[in-house]
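What you see below is based on every heavy atom in this structure, not just the backbone, and it leaves out hydrogens, waters and symmetry mates. By convention in this document, chain letters (A, B, ...) are assigned in the order of the sequence lines, proteins followed by strands, and residues within each chain are numbered from 1.
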Number of protein chains: 2
Amino acid sequence: MDAPITVAVSTVIFALRPHPTTRRPALWIPLVRRIREPHRGRWALPGGPLAAEEGLAASAARNLRETTRLTPQYLEQLYAFGGPDRAPETAERIVSVVYWAMVRPEEADAGAAGVNVQWFVADELPELAFDHSLIVEYALWRLRNKVEYSRIAAAFLGETFTLAELRRVHEAVLQRTLDPANFRRQMEASGRLVATDAFRTGGRHRPARLYRHDRSIHLADNGPLTGQ
Amino acid sequence: MDAPITVAVSTVIFALRPHPTTRRPALWIPLVRRIREPHRGRWALPGGPLAAEEGLAASAARNLRETTRLTPQYLEQLYAFGGPDRAPETAERIVSVVYWAMVRPEEADAGAAGVNVQWFVADELPELAFDHSLIVEYALWRLRNKVEYSRIAAAFLGETFTLAELRRVHEAVLQRTLDPANFRRQMEASGRLVATDAFRTGGRHRPARLYRHDRSIHLADNGPLTGQ
DNA sequence: AAAATAGTGTCTGTGAGACAATATCAG
DNA sequence: CTGATATTGTCTCACAGACACTATTTT
C-alpha cells in the first residue's frame with residue numbers, strides 16, 4: 001500500500017536582458033502559469049514528470065526546450081526537493097530534482113515561446129507556486145557564488161566578447177559595479193581568457209579587444225562529476 | 001504503461017579514526033555488503049527506498065541509524081543520481097538522492113553495527129557496486145572543499161577541543177600537514193572559535209587551551225536552504 | 001635539564017581594490 | 001578638439017605561508 005512517489009524535474013532558467021526601467025542588463029527567468037489546481041493561476045517553474053527512459057539532465061533540457069524553445073548553454077543540477085509536505089493541498093508525493101540553466105540573450109529574445117510562459121526579472125518575482133520561490137532564491141545564490149570562481153558567465157555571451165561586455169555580465173549577476181581596471185587584471189590572471197586579434201569598433205571611443213574563452217577549461221568545476 | 005521509477009536515499013558516512021598502519025587520523029566510511037543480485041557480494045553505500053511519509057533527509061538519517069546505530073553531527077544532500085543506465089543489469093529504474101554525513105569518532109567506535117556492515121579507509125576502498133565509487137569520490141571532493149571555508153570540521157570533534165585537535169582533523173581531511181602557527185591565526189581570524197578558560201593537560205608539554213565553536217554560526221553555508 | 005608541544009613574532013610574496021594616468025576611437 | 005571608453009600604471013592593505021623564537025608543561 002505504498003503511496004506512489006513521483007519524480008519530477010524542474011528547471012530555473014536564467015537569461016540576461018535589459019531591465020525594463022534601468023535598461024541595464026539584469027537576470028530574467030521564464031515561468032509557466034499553472035492551469036490546474038493546486039495553485040491555479042500562479043506562476044511556477046517549468047518542469048514535468050521524469051520520463052521512463054530519460055536521464056535527469058536530459059529531462060531538464062527537454063522541458064527547457066519545450067517551454068522556451070531554447071537550448072541551454074549551461075545546465076547543472078541544483079538540488080532535490082522531496083519533503084512530504086511540499087504540496088499539502090494534494091495527496092500526491094512528488095520528489096523534484098531541480099536544475100538551473102543559462103541561455104544566451106539572442107536566444108531568449110527570439111522564441112518568446114508559448115502562451116502561459118512569461119519572462120520575469122529574477123529579483124522582482126511574484127509569489128510562486130509550491131516552494132518555487134525558495135528554489136529560485138537558492139538558484140540565484142548558486143549563480144552568484146559560481147560566477148566569482150568559474151568562467152560560467154560565458155554562458156550568457158557569444159563566442160567572442162569584450163572585457164566590458166563580460167564585466168557587465170558579472171555586474172548584472174552580482175548587482176554591483178566592478179572596477180574596469182581590476183576586473184581586467186583578474187580575468188587576464190585567471191588564464192581562462194584568450195585574446196583574439198579582432199576588435200569591437202563603432203562606439204565613440206577606443207575599440208575594445210575581443211576575447212574568447214579557453215574551451216579546454218570547463219565552464220564550472222563539478223568535481224568528479226563529469227556531466228551527469 | 002510507465003515503467004515505475006523508484007526513489008532511494010543513500011548516504012556517504014564519514015568518521016575520523018586512526019589509520020590502521022600510520023595510526024594518524026584518517027577518514028573512514030561504513031559500507032554494506034550486498035546480499036542480492038546485482039553486484040551480490042560487493043560493497044555498497046547504505047541506503048534504501050524512500051518511505052511514503054518520510055522526508056529525504058529524514059530517510060538518510062534513518063538508514064544511517066539503522067546501519068551504523070549512529071546519529072549524524074552533520075548531514076547534507078550531495079546529489080541526485082538518476083541516469084537510466086545506472087544499473088544496466090536490472091529492469092528497475094532507480095533515482096538515488098545521496099546524502100553525506102559526518103559522525104564523531106567515539107560514536108563510530110562504539111556501535112560497530114550489524115554484520116554485513118564494515119568500515120573502510122575512504123581512500124582505500126575496493127570497487128563498489130553500481131556507481132557508488134564515483135559517488136564516494138564526489139563526496140570526498142565536497143568534504144575537502146567545504147572544510148576549507150566552513151566550520152564543518154567541528155562535526156568530527158566533541159564540544160570542546162584544542163587547536164591541535166582541530167588541526168589534525170583538517171590534516172586528515174586534506175591529506176597534508178598544516179603549519180600550527182598559521183592554522184591558529186586563520187582559525188582565530190575566522191571568528192568561528194570561542195576560547196574557553198579550560199585547558200587540556202596531561203601531555204608532556206604545555207597545556208593547550210580548549211576552544212568551542214560559535215553555535216550561532218551554521219556548520220556550513222547552504223545558502224537560502226535552511227535545512228531541507 | 002631535556003623533550004615536546006603551545007603559542008608569538010616577523011618577513012615575504014600575492015592578490016584585491018582604489019584611483020590616477022594614458023591611448024584611441026567617433027563625431 | 002571633445003567625449004567616451006579602453007587600457008596601463010601605481011599604491012596600499014590584507015592575508016597566506018615559511019620559519020625563527022619564546023613559553024610552559026612532564027619526565
(message) Does A:R142 form a side-chain hydrogen bond (donor to acceptor under 3.5 Å, both in side chains) with A:N145? I'd like the steps, not just the answer.
(response) CA-CA 5 Å; A:R142 274 269 274 274; A:N145 265 291; over 6 Å; no

(message) Whether the side chain of A:S133 engages the backbone of A:L128 through a donor-acceptor N/O pair (distance < 3.5 Å, no angle test) should be reported.
(response) yes

(request) Please tell me which of the listed nucleotides, D:dT7, D:dT5, C:dA6, lies nearest to the side chain of B:H205? (result) C:dA6

(request) Assign each of B:R204 and B:Y211 to its nearest nucleotide of DNA chain C by heavy atoms, then name whichever residue's nucleotide is nearer the 5' end. (result) B:R204

(message) Any residue in residues 178-203 of chain B with a heavy atom nearer than 4.0 angstrom to DNA chain C? Just list them by number, or reply none.
(response) B:A181, B:R184, B:R185

(request) Check whether any side-chain N or O of A:D179 sits under 3.5 Å from a backbone N or O of A:N182 as a donor-acceptor pair, and report yes or no. (result) yes

(message) Measuring only between side-chain heavy atoms, which start at C-beta, is A:Y211 closer than 4.5 Å to A:L157?
(response) no

(request) Give me the ring orientation class for B:W141 and B:Y138: parallel if the planes are under 30° apart, tilted from 30 to 60°, perpendicular past 60°. (result) parallel

(request) Could you tell me the separation between the CG atom of B:L163 and the C1' atom of C:dT5, rounded to a whole number of Å? (result) 13 Å

(message) If I take atom CZ in residue A:R206 and atom C1' in nucleotide C:dA21, what distance separates them, rounded to the nearest angstrom?
(response) 12 Å

(message) Under a 3.5 Å distance rule, please check whether A:R33 uses its side chain to pair with a backbone N or O of A:W43 as donor and acceptor.
(response) no

(request) Can you tell me the distance, in whole Å, between the CZ atom of A:F161 and the P atom of D:dT5? (result) 20 Å

